[in-house]
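Note sheet for the following structure.
Computed from a prediction, not measured in an experiment: that's the story for all the values here. Order of the sequence lines sets the chain letters (A, B, ...), proteins ahead of strands, with each chain counted from 1. Just so it is clear, the values below take in all heavy atoms, side chains as well, and ignore hydrogens, waters and symmetry mates.
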Amino acid sequence: MASERYNAPVREKHWQAVWAERQVFRAKDGGKRPKSYVLEMFPYPSGRIHVGHSRNYTMGDVLARYKRAKGFNVLHPMGWDAFGMPAENAAMEKRVHPAKWTYENIDVMRAQLRSMGLSIDWDREFATCDPGYYKHQQKLFLDFLKKGLAYRKSSKVNWDPVDMTVLANEQVIDGRGWRSGAPVEQRDLTQWFFRITKFSDDLLDTLSILDKWPEKVRLMQANWIGRSEGLLVRWALVPGTAPKGSKELEIYTTRPDTLFGASFMAIAPDHPLAKAAAKDNVELAAFCAECRRSGTSVAALESAEKMGFDTGIRAVHPFDPNWHLPVYVTNFILMDYGTGAIFGCPSGDQRDLEFARKYKLPVIPVVMPKDADPATFTIGETAYTEDGVMINSRFLDGLDTKAAFEAVAERLEKEKLGRKPVAKRKVNYRLRDWGISRQRYWGCPIPVIHCEACGIVPVPESDLPVLLPDDATFDVPGNPLERHPTWKHVPCPQCGKPARRETDTMDTFVDSSWYFVRFTAPHADTPVNAKSANYWLPVDQYIGGIEHAILHLLYSRFFTRAMGATGHLKKSLKEPFAALFTQGMVTHETYRTRNGQWLLPAEVQVEGEGEHRKAVQIASGQPVLIGPVEKMSKSKKNIVDLDDFISQFGADTARWFVLSDSPPERDVIYTDVGVQGARRFVQRVWRLAEDCAEKGAPSGAPRPAVFGPQAEALRRAVHKALNGVSHNIEGLRFNVAVAQIYELANTLQAALGGDDEGMPWAIREAAELLVQMIGPMMPHLAEDCWARLGYNTLLVDQPWPEPEAALLVDDTITIAVQVNGKRRGELTIARTASKDEIEAAALQLEPVVRAMADRPVKKVIVVPQRIVNVVG
RNA sequence: GCGGACGUGGUGGAACAGGUAGACACACAGGACUUAAAAUCCUGAGGGGGAAACCCCGUGAGGGUUCGAGUCCCUCCGUCCGCACCA
């Protein structure tokens, strides 16, 4: 019996050094083995790694190690998503340069990740703030610019007047800047954009081939792209009612079938027609200003009452020159969707209905359910938005919704207003082009120069990278690049006259949109090495949080296409990530003092159970409020530091814990007892390996010709477990693989007492296979046990074992026997038994006879190898 | 409002493809070892009835399909997530 304990922290350091020295995880292009690119979303270097972060990397590492053992040439890299606001905030608050802050964090976090024993090829590491990375990003930008995939336009932005910066929508909370708390203004700014909408259809259509992506993510992306098919319809304006020069109004509709239910037109406050009309109408101008002020934040939209202002303008119904409809400016029409104008059909749209009721506009039912009576069908408080049969619609009456759509489209396409047709079909998208300008210092400079004479001039490629100045100041709000005394002043590359650098930097989502490409050749002097990219891409398994389901993944998909269009990637590479897995978070209780200060779990002592649980602050003895379980985050301090954890329990315990119990896509709650369980198992495996080394046959012992029944049973259990664990790792069902390993450990431990024929050999085999199975999950422990079993090779170099097929199927099996669907007994019978044999045996079973009493057997269902159901 | 997912013991969860529900783990109870504790090992356990054999009930609720439903279909309840004036 082993009496010592496994000293995880010490042994883990040892094995990490061995792996590093042998460079076992270095990936090389090419070779005979099939490739596998395993990638976890790279971290932002925020400071330190906590146990919450570790789950993502552990899952990727299990897969990477498994694939390696399976004979794949594995690429498993790591880097840093290193540009971004937190570094600048630190610069403002702590007077430390963003670069220094970032690189120091990287040093700390790299050491922490290394201590997890990840099978990373560290030679490929880079940070997106390295000039050696962003240089190539600037080159990509210039190529996008050339191809028209990058452009400048004026657009509305959220402007924080205190921090003097543009805010993303997520950074606006209740209409206020998330940092400054100042009310956010809407401003028109000229910004840089990527033309993601050029690929709208492709981005949508290709979702269907991403069969290894979660359905949920594909759906979210499809909704985000938001394709709709409709009709652009031009309405003439009644002369005399419209401002000079305004003769028509173009609207977008997906429901042209409801055209005869129209009772008003609605346009956005920023619509050109609204602006023109407001010139001569003070009240209207005031109304438009009011609409703009209420903003576009979510909160504002939710609370805003639907309001309209009758401009006095009248529009002519396309099918009836005598039918005139009022044109309202409203606060609920968006200028940047469709044409910023609609016709309102109150009976077919809830929002239009509410508007019509408020302004006493007609409500004409035009669609009714198939079985309704047109004489009695009316619209009450709810619009009828389903498909149905047309009524009150002249030539459409009696048609179904789809046919009516077509009929209207066909007629209006032939009608002429002026010289052009009244209507044309139009596919519309919710997706907008991607605004990438940020008025920040800590980002990739946009490599263009503004010249009064030449306009926008790209920085010559030979001048790349456009480096960030080291001596920026962060003591006042605003863009440090803009106020830097010299940086932006440069001669125009074309005419040589004084010109000005672009001081906007790129959204950090740009950095993370192609890093996975760069990993395939991180030292290449062009952005991409075609040979390496072609070899490694696409990423075979991508793992990360669901919070990136839309933006990051969509942007990366765009980049793959844009890089294809600019010749950096081959065009046949449609998708960057062949398989995607979104893992759940690690959550933890939160703790606060009476005055609302967050406390680390390490600062808190918790006692009692259930409702009697109480917590006190260790340092002060003061009571602590136990808050809800939430995702581990720095801001709420409900984190367990990885260094603390590893020095206490070791990396393998952390890895095992985050893989156990909860399905990987679901959240797992961090609890001390859960960790104890993982730690106990680490020790148990270690002792078990020792015991097996003692009681099992020596390594390399010849396989006995005959196994007794117990040894045979053990072997069957082991090979079945191996089969199950292999499948479950491949399917990323780590929690089930863990359970099967537990089960095997139990079986093996129980078998240690047996002295059956061939048992020592079976025990050795079982121990070896068990150790190999835990290898991807607890690699240090497995390596240690491998050595204890008498090997001087490295486990990490061993191929993944294959189960013996003969041991996976049993000769005799036990199947359940039901009477009228209720389980009454079981039957142990040869696996190959025929239906008749099974039926005969089942009918003789004592519990079956009893349950049937004297009723006649009506029918017997026999599903060989599964079940018997006697119906009586 | 629209779209989606989920609901299984005290707890986390398992159950291939409609075929023995509750694997495995945690917590719990009893026992062994120990002067004692820790650690470790063994045993028990969905609920109810019964001394036991065994019987009844049981996967959010109700209904349906089926020889058979946690799994498929319908209705409802609850929880979570995404989008949200998208025309």
>> Which heavy atom of A:Val51 sits nearest to which heavy atom of A:Ser54, and what is that distance?
In response: O-OG, 2.6 Å
> Which of the following nucleotides, B:C54, B:A14, B:G68, is nearest to the side chain of A:Arg850?
Replying inline: B:C54
>> Near RNA chain B, counting only heavy atoms under 4.0 Å, which residues of residues 337-347 of chain A show up?
In response: A:Tyr337, A:Ile342
>> Please list all pairs meeting salt bridge (charged side-chain N to carboxylate O under 4.0 Å, His left out) that have one or both residues in residues 665-682 of chain A, counting only residues at least two apart or in different chains.
In response: none
>> Side chain of A:Ile861, heavy atoms from C-beta onward: which of B:G19, B:A84, B:G13 has the nearest atom to it?
In response: B:G19
> Less than 3.5 Å between a donor and an acceptor, one on the side chain of A:Lys306 and one on the base of B:C85, is that the case here?
Replying inline: yes
> Given that A:Arg679 and A:Tyr742 both sit by RNA chain B, which one's nearest nucleotide is further toward the 5' end?
Replying inline: A:Tyr742
> Out of B:G3, B:G19, B:A87, which nucleotide sits closest to the side chain of A:Leu219?
Replying inline: B:G3
> With a 6.0 Å cut-off on ring centres, are A:Tyr742 and A:Phe681 close enough?
Replying inline: yes
>> For B:A87, give the paired nucleotide (Watson-Crick: N1-N3 plus N6-O4 or O6-N4; G-U: N1-O2 and O6-N3; both under 3.5 Å), or none.
In response: none
> Can you tell me if CD on A:Glu846 sees more than 12 non-hydrogen neighbours from other groups inside 6.0 Å?
Replying inline: yes
> Of all the nucleotides listed (B:G19, B:G3, B:C83), which has the minimum atom distance to the side chain of A:Asn223?
Replying inline: B:G3
> Among B:U20, B:A87, B:A39, which nucleotide sits nearest the side chain of A:Thr814?
Replying inline: B:U20
> So A:Phe309 and A:Phe287, would you call those rings parallel, tilted or perpendicular, with 30° and 60° as cut-offs?
Replying inline: tilted
> Counting just side-chain N and O atoms, does A:Asn735 come under 4.0 Å of either OP1 or OP2 of B:A14?
Replying inline: yes
>> A quick test of your reading: do over 12 heavy atoms of other residues, nucleotides or ligands sit less than 6.0 Å from NZ of A:Lys358?
In response: yes
> Of the candidate nucleotides B:G12, B:C16, B:A14, which contains the atom at the shortest distance from the side chain of A:Asp661?
Replying inline: B:G12
> So, is A:Gln818 near the phosphate of B:C67, with a side-chain N or O under 4.0 Å from OP1 or OP2?
Replying inline: no
>> Parallel, tilted or perpendicular, judged at 30° and 60°: which one describes the rings of A:Tyr328 and A:Phe355?
In response: perpendicular
>> I want to check one thing: is the phosphate of B:U40, taken as OP1 and OP2, less than 4.0 Å away from some side-chain N or O of A:Arg684?
In response: no
> Any side-chain N or O of A:Lys822 under 4.0 Å from OP1/OP2 of B:C57?
Replying inline: yes
> Considering only B:G82, B:A87, B:A25, which nucleotide approaches the side chain of A:Thr253 most closely?
Replying inline: B:A87
>> Both distances below 3.5 Å, Watson-Crick or wobble geometry, any strand: find the nucleotide opposite B:U20.
In response: none
>> Any base atoms under 4.0 Å from A:Glu826, or only sugar-phosphate, or nothing? Heavy atoms, all strands.
In response: base
> So, A:Arg684 versus A:Asn746: side-chain donor-acceptor pair below 3.5 Å or not?
Replying inline: yes
> Is B:G9 in the syn range, within 90° of 0, or in the anti range?
Replying inline: syn
> Who does B:A36 pair with, Watson-Crick or G-U, both distances under 3.5 Å?
Replying inline: none
> A:Ile550 has a side chain; which of B:G19, B:C83, B:C55 sits nearest to it?
Replying inline: B:C83
>> Mind checking if A:Val871 touches a base, just sugar-phosphate, or nothing, with heavy atoms under 4.0 Å?
In response: sugar-phosphate
>> Less than 4.0 angstrom between a side-chain N/O of A:Arg823 and OP1 or OP2 of B:G68, yes or no?
In response: no
>> Using Watson-Crick or G-U wobble geometry with both distances under 3.5 Å, which nucleotide pairs with B:A25?
In response: B:U11
>> Any heavy-atom pair between the side chains of A:Leu249 and A:Phe343 that's under 4.5 Å?
In response: no
>> Which nucleotide wins on minimum distance to the side chain of A:Ile867, given the candidates B:G19, B:C24, B:G82?
In response: B:G19
> Distance only, no hydrogens: is a donor on one side chain within 3.5 Å (strictly under) of an acceptor on the other, for A:Glu630 and A:Asn638?
Replying inline: no
>> Within residues 718-733 of chain A, which residues have any heavy atom lying less than 4.0 Å from an atom of RNA chain B?
In response: none
>> Over all strands shown, is A:Ser662 touching base, sugar-phosphate only, or nothing at heavy-atom distances under 4.0 angstrom?
In response: sugar-phosphate
>> Taking only the P atom of each, what is the distance from B:A27 to B:U34 in whole angstrom?
In response: 25 Å
> Nearest of B:A25, B:A23, B:G82 to any side-chain atom of A:Ala739?
Replying inline: B:A23
>> So A:Ile333, base contact, sugar-phosphate only, or nothing? Heavy-atom distance under 4.0 Å.
In response: base
> Taking C-beta and beyond as the side chain, do A:Thr587 and A:Val668 meet within less than 4.5 Å on heavy atoms?
Replying inline: no
> Mind checking who B:U65 pairs with, Watson-Crick or G-U wobble, both distances under 3.5 Å?
Replying inline: none
>> Only pairs with both distances under 3.5 Å count, Watson-Crick or wobble alike; so what is the partner of B:G82 in this structure?
In response: B:C2
>> To the closest 0.5 Å, what do you measure between CZ (A:Arg432) and OG (A:Ser155)?
In response: 11.0 Å
>> Does a side-chain N or O of A:Arg430 approach OP1 or OP2 of B:C2 to a distance below 4.0 Å, or not?
In response: no
>> Using OP1 and OP2 only, check whether a side-chain N or O of A:Arg824 sits under 4.0 Å from B:C55.
In response: yes
>> Taking 4.0 Å as the cut-off, does a side-chain nitrogen or oxygen of A:Arg351 come that near to OP1 or OP2 on B:C86?
In response: yes
